[in-house]
Engineer: 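Below is a structure I'd like to ask you about.
For clarity, every value in this text was computed on a predicted model and none was experimentally measured. Both counts, for ligands and for their atoms, begin at 1 and track the order of listing.
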Amino acid sequence: MNPLLDLLKPYPFERLAELKKTINPNGQLKHIPLSIGEPRHEPPAFVLDAINKNHSGLAKYPETKGLPELRKTLSCWIEKRYKLSDGQIDPETQVLPVNGSREGLFSFAQAVINQKQKDPLVVMPNPFYQIYEGAAILAGATPYFVNASERTYFIPDYNSIPASIWQRCQLLYVCSPGNPSGQVIDKPLLQHLIKLAYEYNFILVSDECYSEIYQDENHRPPGLLEAANDMGYTDFENLVVFNSLSKRSNVPGLRSGFVAGDARLIEKFLLYRTYHGSAMSLPTQHTSIACWSDESHVEENRQSYREKYQAFIEILSPVLEIQAPPASFYIWLKVPCGDDEKFTSKLFKEQHITVLPGSYLSRTTGHANPGLGYVRIALVAPLEECIEAAQRIRLHLKRYKEE
Ligand SMILES: Cc1ncc(COP(=O)(O)O)c(C=O)c1O
């Protein structure tokens with residue numbers, strides 16, 4: 001067997017299942033799951049129509065490169081969203097469909113890491129989306145964690161990274177809007193990272209799968225390609241972005257996303273994907289075209305999350321320090337007792353609510369673990385359930401204080 005498999009860590013949800021295994025939750029209350037970042041809003045109605053209209057495509061092998069119409073739709077969406085010029089993203093060479101950004105983020109590392117170079121590093125945020133770590137390990141590289149803590153407003157502390165690390169870095173994963181914090185990396189910082197990528201010749205991957213779930217319609221999270229374009233780096237050398245329909249269109253089961261950026265990297269990635277066998281089914285491709293071509297359902301989606309944040313925070317702010325982040329559908333909550341596992345267990349036992357301990361999303365570096373003492377709450381349930389959850393959490397905290 002591949003010995004690198006033994007280095008993979010249990011996934012956060014396996015650890016959560018283990019934690020909950022011996023706990024008997026309060027059976028009087030309906031379970032409210034707020035742990036998984038799986039949107040539970042309805043997908044747009046046209047999704048079913050598109051699947052129905054295109055099911056005959058199941059009888060055909062799709063090409064890994066994807067339909068020209070899909071690549072064209074993706075290029076146009078990227079150019080419009082990130083204020084690039086018309087035709088700047090070449091659908092032939094600069095964009096590919098992926099079967100959800102998770103699949104793409106993982107396989108990209110397998111395609112680009114050069115194990116022949118000494119001690120390759122993959123730099124990633126901490127806390128993080130665990131796929132980055134697994135991707136690095138299985139590609140034969142070592143993960144290097146950059147802490148994102150309260151001190152740095154939950155943005156990874158890139159200034160803390162010494163030149164010796166950048167010299168070994170082959171790949172930098174950036175996640176903005178961030179999971180779990182929902183914080184957004186501003187354009188100047190993205191541009192600083194782009195300069196580092198050129199200076200040290202590493203590849204910068206930006207995971208932007210929460211880019212369309214934001215609070216302020218006048219302040220959309222900036223993207224990596226936009227930041228590069230504004231610096232005059234119009235061919236996006238060393239840069240790629242991943243995005244997805246899962247959060248934007250509430251279709252995590254469709255498994256549809258894209259990668260876009262540096263044509264040289266996309267070409268090699270396509271070669272890798274051809275062997276890897278990751279072509280997207282034709283009905284999924286047609287459905288994806290419909291989803292990327294419509295913004296009204298995404299606007300409605302954002303509005304629903306805003307309403308949930310507002311209601312949730314209104315109920316809890318009298319008893320907790322709690323704020324809505326600029327983007328995503330998460331709340332990264334500092335727990336009053338300081339122990340994220342204990343808070344999660346008690347909340348499950350007494351209030352039948354599941355949240356995710358922050359330490360399951362992070363690693364200890366030096367003496368610090370930036371996830372310790374936090375829980376991630378995903379406001380994915382319908383509004384009424386989120387309100388009910390907030391009320392139960394408030395009650396729970398009141399009892400906890402009285403203990
Ligand atoms: C930060 C981040 N990146 C990527 C993904 C993968 O999403 P998908 O594969 O559904 O596009 C997720 C899913 O939760 C995520 O949180």
Engineer: Not counting sequence neighbours, which residues clear side chain to side chain contact (heavy atoms under 4.5 Å, CB included) with Glu267? List them please.
Structural biologist: none
Engineer: I'd like to know if the side chain of Arg71 reaches the main chain of Val95, judged simply by a donor and an acceptor atom lying under 3.5 Å from each other, with no hydrogens or angles considered.
Structural biologist: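 Side chain of Arg71 to backbone of Val95, a donor-acceptor pair under 3.5 Å: no, none is there.
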Engineer: Check this for me: does any side-chain nitrogen of one of Glu388 and Lys30 sit under 4.0 Å from a carboxylate oxygen of the other?
Structural biologist: no
Engineer: Under a 3.5 Å distance rule, please check whether Asn301 uses its side chain to pair with a backbone N or O of Lys247 as donor and acceptor.
Structural biologist: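 Yes; at least one donor-acceptor contact below 3.5 Å.
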Engineer: When you check the side-chain N and O atoms of Glu150 and Trp332, is any donor under 3.5 Å from an acceptor?
Structural biologist: no
Engineer: Quick one: pull up CD in Gln215 and CG in Asn218 and give me the separation to the nearest 0.5 Å.
Structural biologist: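 Those atoms lie 13.0 Å apart.
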Engineer: I'd like the contact residues of ligand 1, where contact means a heavy atom below 4.0 Å.
Structural biologist: Gly100, Ser101, Arg102, Leu105, Tyr129, Tyr132, Cys175, Asn179, Asp207, Cys209, Tyr210, Ser244, Ser246, Lys247, Arg255
